Number of protein chains: 2
Amino acid sequence: MFKVSNSSKPKVYQGVLEELRAYIKDNHLLPGDKLPSERELADKLQAGRSSIREALRALELLGLIETRRGEGTFLRTYQSLQSVELLSSFILLADRTKDELLQVKAMIEKEAVKLACPKLDETALLELDASVSKEITREEKHMIFFSYLFKKANNQLLLKIWMMLEEFSSSLPVAYYGKTFYNQLMELLSKKDCYAIEALFEQQDHQLYD
Amino acid sequence: MFKVSNSSKPKVYQGVLEELRAYIKDNHLLPGDKLPSERELADKLQAGRSSIREALRALELLGLIETRRGEGTFLRTYQSLQSVELLSSFILLADRTKDELLQVKAMIEKEAVKLACPKLDETALLELDASVSKEITREEKHMIFFSYLFKKANNQLLLKIWMMLEEFSSSLPVAYYGKTFYNQLMELLSKKDCYAIEALFEQQDHQLYD
DNA sequence: AGTTGCAGGTGGTCAGACCACTAGAGCGTA
DNA sequence: TACGCTCTAGTGGTCTGACCACCTGCAACT
């Protein structure tokens with residue numbers, strides 16, 4: 001025999017999601033507005049409170065709503081990137097080669113540098129230089145250096161992805177960029193020479209895994 | 001008095017998510033493998049079954065797991081968000097987030113092209129050209145074109161991240177690259193001119209949101 | 001051997017019970 | 001009146017126990 005269908009019955013929590021969408025639309029709710037309480041929803045939608053909660057938790061994880069204990073559930077002001085972290089972490093769980101991870105990480109770092117480049121003024125360069133000159137481990141230097149650049153690059157999504165990759169690669173015996181790399185990069189940044197930056201990273205790619 | 005912190009206690013279901021991630025990692029579970037039953041998890045993790053379920057439903061909505069009644073819960077290859085159209089209609093992404101998303105996506109596409117470039121022989125270019133010449137929508141063309149390139153780029157991780165971003169942005173009213181873009185790119189690919197490719201993408205960035 | 005039917009495990013759902021927390025009404029005092 | 005306190009109703013957070021529907025595998029039966 002063969003299965004007639006694997007879709008079977010729709011689940012209650014999915015119906016709740018539909019209803020919620022309709023409710024938000026019909027009542028013209030905007031970010032920040034309050035949703036009905038869980039008990040009220042359970043009553044209105046003829047569902048158990050736990051089913052309501054399953055739907056709400058899913059929405060919360062996606063960053064669409066925010067719950068405040070003792071107050072209620074609210075539409076979120078803006079779409080946070082909360083779910084990206086979770087997704088990334090699970091995607092990265094699958095067996096990945098070290099090469100792929102490092103390749104992507106280096107790629108993102110390069111692009112961040114290029115994004116930050118036009119936004120670095122004299123002051124910023126000095127700050128950056130100061131932070132790298134400290135007597136710290138290569139790992140710390142790497143973190144501080146790029147964290148600063150990512151801040152300037154002003155792209156939260158890129159930062160999140162980078163941090164995830166950083167976390168996953170931290171368990172690997174990874175060689176960071178060479179000692180002279182940061183100094184060379186500083187120089188190119190002050191010249192705002194994007195093409196040379198591109199080239200500098202190209203070189204690094206080949207000696208990254210020493 | 002002032003609030004010490006608004007983060008308050010972490011919720012149980014979030015802890016469950018963490019534990020699940022660790023479990024999957026430690027046991028080297030692959031897509032298709034079975035997770036422990038809800039009752040077993042509740043017992044192991046010292047949590048109520050409802051909390052376990054809240055975590056699982058969230059993962060299900062994200063498309064990371066699949067549940068089969070009477071059988072169990074299974075890890076799944078990340079394919080797509082469940083009911084994206086539903087979720088996207090809840091809230092439109094904030095402009096800022098949208099910009100970031102498109103920026104990162106374009107960046108990844110560019111890098112994929114550059115990775116694929118040296119691996120494209122005569123035959124591959126012909127295949128690629130044929131697939132783009134078809135009479136299809138711009139959206140389909142975009143997907144087919146880059147899917148092929150990502151395959152050649154041979155970096156699964158990059159591909160996954162790209163698909164994730166594609167998924168998120170699919171609900172946005174996004175203009176794809178201009179009509180001539182793909183043809184120009186084809187030409188540069190046959191010349192293997194990486195720097196020109198870089199430049200081509202630079203141009204696109206500015207007219208992406210027409 | 002082939003079929004049937006039952007038992008145990010699994011997800012799906014609900015109701016009810018607490019707890020911790022918040023906001024606001026109401027009261028009292030200065 | 002104005003301030004500050006307490007108490008209460010309402011909210012999310014969590015757990016438990018109870019069913020149901022469904023699937024699988026095994027055992028008994030034909």
Side-chain angles (χ1 to χ4, degrees), chain A residues 1-20 23-24 29 32-77 82, chain B residues 1-20 23-24 29 32-76 82-83:
Chain A
M1 269 311 147
F2 56 88
K3 275 188 188 172
V4 176
S5 136
N6 59 3
S7 60
S8 66
K9 290 180 191 170
K11 299 175 188 176
V12 173
Y13 90 94
Q14 289 170 335
V16 172
L17 287 174
E18 273 296 339
E19 295 286 345
L20 274 176
Y23 177 88
I24 292 169
L29 292 196
D33 288 344
K34 190 175 177 301
L35 291 171
S37 76
E38 297 180 353
R39 291 171 177 83
E40 191 177 339
L41 283 173
D43 189 48
K44 270 189 189 168
L45 305 185
Q46 289 286 295
R49 198 181 149 209
S50 43
S51 291
I52 302 291
R53 280 184 65 80
E54 288 182 11
L56 291 179
R57 286 299 72 69
L59 291 181
E60 185 179 74
L61 201 64
L62 285 170
L64 294 172
I65 61 171
E66 178 185 4
T67 59
R68 295 202 283 271
R69 183 185 228 162
E71 297 182 58
T73 305
F74 302 84
L75 269 186
R76 238 180 136 71
T77 309
Q82 191 170 358
Chain B
M1 269 308 147
F2 55 88
K3 274 190 191 173
V4 176
S5 122
N6 61 3
S7 59
S8 66
K9 290 179 192 171
K11 299 176 186 176
V12 172
Y13 90 95
Q14 290 170 334
V16 172
L17 287 174
E18 270 303 323
E19 295 285 345
L20 273 176
Y23 177 88
I24 292 169
L29 293 196
D33 288 345
K34 191 173 176 303
L35 290 171
S37 77
E38 296 179 352
R39 291 171 177 84
E40 190 177 338
L41 283 173
D43 188 49
K44 269 188 189 169
L45 305 184
Q46 289 285 295
R49 198 181 149 208
S50 45
S51 292
I52 302 290
R53 281 185 63 80
E54 287 182 10
L56 291 179
R57 280 323 104 238
L59 290 182
E60 185 179 74
L61 197 67
L62 286 174
L64 294 170
I65 61 172
E66 178 185 3
T67 59
R68 295 201 284 268
R69 186 183 223 159
E71 296 181 58
T73 305
F74 301 83
L75 202 54
R76 175 181 162 173
Q82 297 288 74
S83 46

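Keep in mind that this is a model prediction, so the values were computed, not measured. Residue numbering restarts at 1 for every chain, and letters A, B, ... go by the order of the sequence lines.
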Can you sort out the partners of A:K44 under salt bridge (charged side-chain N to carboxylate O under 4.0 Å, His left out), two or more places apart, ordered by chain and number? A:E40
Round to the nearest Å and state the distance from B:Y13 atom OH to D:dG12 atom P. 14 Å
Between A:Y13 and A:A55, which heavy-atom pair has the shortest distance, and what is it? O-CB, 3.7 Å
Rounded to whole Å, CG of B:L41 lies from P of D:dT14 at a distance of 16 Å
Can you tell me the distance, in whole Å, between the NZ atom of A:K11 and the C1' atom of C:dC14? 17 Å
Let's go through A:I65 and A:L75 carefully: what are the C-alpha distance in whole Å and the side-chain angles of both, what is the deciding distance for side chain to side chain contact (heavy atoms under 4.5 Å, CB included) to 0.1 Å, and is it a yes or a no? CA-CA 5 Å; A:I65 61 171; A:L75 269 186; 4.2 Å; yes
Residues in side chain to side chain contact (heavy atoms under 4.5 Å, CB included) contact with A:S50, at least two apart in sequence or another chain: none
How does protein contact run along nucleotides 5-11 of chain D, one letter per nucleotide 5' to 3', with B for base contact, S for sugar-phosphate only, - for none, heavy atoms under 4.0 Å? -----BB
Apply the side-chain contact (heavy atoms from CB on, under 4.5 Å) test between B:L41 and each candidate in B:T73, B:L20, B:V16; give the one that qualifies. B:L20
Any residue meeting salt bridge (charged side-chain N to carboxylate O under 4.0 Å, His left out) with B:E18, in chain and number order, not counting sequence neighbours: B:R21
Minimal non-hydrogen separation, A:K34 against A:L29, with atom names: O-CD1, 4.0 Å
Please name the pair of heavy atoms, one in A:A42 and one in A:G48, separated by the smallest distance, quoted to 0.1 Å. CB-C, 4.2 Å
Is A:E38 paired with A:R49 through a side-chain N to carboxylate O contact shorter than 4.0 Å? yes
Between C1' on C:dT10 and CG on B:D43, what's the gap in Å once rounded to a whole number? 15 Å
Worked check of side chain to side chain contact (heavy atoms under 4.5 Å, CB included) between B:L17 and A:L61: CA-CA 11 Å; B:L17 287 174; A:L61 201 64; 3.8 Å; yes
Mind calculating the distance between CZ (B:R57) and P (D:dG13) to the nearest angstrom? 18 Å
Degree of bending, the helix from C:dA1-D:dT30 to C:dA30-D:dT1 (end axes from five pairs; round to 10°): 10°
Nucleic acid contacts of residues 44-56 of chain A, taken as heavy-atom distances under 4.0 Å to DNA chain D: A:R49, A:R53
With a 4.0 Å cut-off, would you call A:E60 and A:R57 a salt bridge? yes
